[in-house]
Amino acid sequence: TKKSDTSYTFTMPASAVTVKVAYVKDDAAVVEPTTGFNDVADKDWFADAVKYVADKGLMNGTDDNQFSPSASTTRGMLMTVLARYAGEDTTGGATWYEKSMAWAKAKGVSDGTNPNANITREQLVTMLYRYAGSPAVEGTSGFADVPADAYYADGVAWCVQAGLITGKTETAFRPGDPMTREEFAATLYRLLVDRHGVPEQVGENNVTTLADFADAQSVSAFAQHAMA
């Protein structure tokens, strides 16, 4: 009796029996995910976000074909992602995050502490809020676990009102919970694609060339060299 695609049962008769198994080749084509990672299927709710941050060079996989969506991420990673998006060269330095940490401190995005610590939900929204320029916030987030006088209150309210992140429940934001890589990518995607006041990245590392503009072909040939 078939129980599932991989499980069968039978009733053992009183006498000895021989069970024979026949294998049939499955010629169905293997569909590779377009995300570039074996552990991120196209149907996953965070697939578009992962593909975006990977294509933009903002986040890398944990190896050549794994993104590890449920793994945690660090404060240094957020500093690095935002620095890259701002056009900063984050390569070099004594550590992989050194230049990003210096940039984040100079821009007031972060105090630069604990770069190797897992980033939590309230820390992430606060850094994103500062990166966006600390825009005015109307009202509060409405979550019972986000005190009005908390340092992250405006960050939570702004990110929730902008649709960048939601609470864990209708009444709880859970500020101390760590952010997974899938949540991290999805929040970044919503911020950087919709932008919410964040400058749009134009060209690689924010270096704009003539080719980055949709009407580049309309520029006269004699002027193209000067504008390239």
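Atom set for the values below is all heavy atoms of this structure, side chains included, hydrogens, waters and symmetry mates excluded.
Rounded to the nearest 0.5 angstrom, Ser72 OG and Met179 CE are separated by 11.5 Å. Taken from NZ in Lys51 to NZ in Lys56, the straight-line distance is 11.0 Å, to the nearest 0.5 Å. Interatomic distance, Asp154 CG to Thr126 OG1, rounded to the nearest 0.5 Å: 9.0 Å. Thr120 contributes atom OG1, which lies 14.5 Å from atom CZ of Arg174 (distance to the nearest 0.5 angstrom). Taking CD1 of Ile119 as the start and CZ of Phe184 as the end, the distance is 6.0 Å to the nearest 0.5 Å. Atoms CZ and NZ, from Arg130 and Lys107 in turn, are 15.5 Å apart once rounded to the nearest 0.5 Å.
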How far apart are the C-alpha atoms of Thr140 and Val146, what are their side-chain angles, what is the distance that settles it, and do they pass the side-chain contact (heavy atoms from CB on, under 4.5 Å) test? CA-CA 9 Å; Thr140 65; Val146 179; over 6 Å; no
For Tyr52 and Leu188: C-alpha separation, side-chain torsions, deciding distance, then whether side-chain contact (heavy atoms from CB on, under 4.5 Å) applies. CA-CA 9 Å; Tyr52 175 85; Leu188 289 171; over 6 Å; no
Take Val137 and Tyr129 through the side-chain contact (heavy atoms from CB on, under 4.5 Å) test and state the conclusion after the steps. CA-CA 10 Å; Val137 175; Tyr129 175 65; 3.8 Å; yes
Please report the C-alpha distance between Val160 and Ile165 in whole Å, then the side-chain angles of each, then the deciding distance to 0.1 Å, and finally whether the side-chain contact (heavy atoms from CB on, under 4.5 Å) criterion is met. CA-CA 5 Å; Val160 169; Ile165 198 170; 4.1 Å; yes
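A donor-acceptor pair is defined here as one N or O able to donate and one able to accept, closer than 3.5 Å; such a pair exists between the side chain of Asp63 and the backbone of Gln66. A distance-only check finds a donor-acceptor pair linking the side chain of Asp39 to the backbone of Phe67 [under 3.5 Å]. Lys99 contributes a side-chain N or O that, together with a main-chain N or O of Thr91, makes up a donor-acceptor pair within less than 3.5 Å. Between the Thr35 side chain and the Val40 main chain, a donor and an acceptor come within less than 3.5 Å of each other. With hydrogens and angles ignored, the 3.5 Å screen pairs a side-chain donor or acceptor of Glu98 with a backbone N or O of Ala94. Not a single donor-acceptor pair under 3.5 Å links the side chain of Asn65 to the backbone N or O of Asn38. Tyr189 places no side-chain N or O within 3.5 Å of a backbone atom of Val50 that could act as its donor or acceptor partner.
For the pair Val109/Leu82, a side-chain contact is recorded, criterion being any heavy-atom separation below 4.5 Å from C-beta on. Residues Thr73 and Asn118 are not in side-chain contact: their nearest non-hydrogen atoms beyond the backbone lie 4.5 Å or more apart. Residues Thr187 and Leu128 have side chains in contact (heavy-atom distance under 4.5 Å, counting atoms from C-beta outward). Contact annotation: the side chain of Gln123 approaches that of Tyr151 to within less than 4.5 Å [non-hydrogen atoms, C-beta and beyond]. Within the 4.5 Å cutoff, no side-chain heavy atoms of Glu182 are placed close to those of Asp44. Under the 4.5 Å side-chain criterion, counting only non-hydrogen atoms from C-beta, Trp158 is in contact with Leu164. Using a 4.5 Å heavy-atom cutoff, the side chains of Phe173 and Ser141 are not in contact. Inter-residue side-chain proximity for Pro147 and Tyr152 is flagged as met; some heavy-atom pair is nearer than 4.5 Å.
Among all heavy-atom pairs drawn from Cys159 and Val125, the shortest one is SG-CB, 3.6 Å. Between Leu58 and Arg84, the shortest heavy-atom distance links the atoms O-NH1, 3.0 Å. When all heavy atoms of Met79 and Thr113 are compared, the closest pair comes out as CE-O, 4.1 Å. The two atoms that bring Met127 and Ser110 nearest to each other are CE-OG, 3.8 Å, heavy atoms only. Nearest heavy atoms, Ala86 versus Trp103: CB-CZ2, 3.7 Å. Asp177 approaches Lys168 most closely through the heavy-atom pair OD2-CE, 4.0 Å.
Shown are Asp89, Thr90, Thr80; of these, the side chain to side chain donor-acceptor pair (under 3.5 Å) with Ser100 is made only by Thr80.
A salt bridge links Arg75 to Asp111: at least one charged side-chain nitrogen sits closer than 4.0 Å to a carboxylate oxygen.
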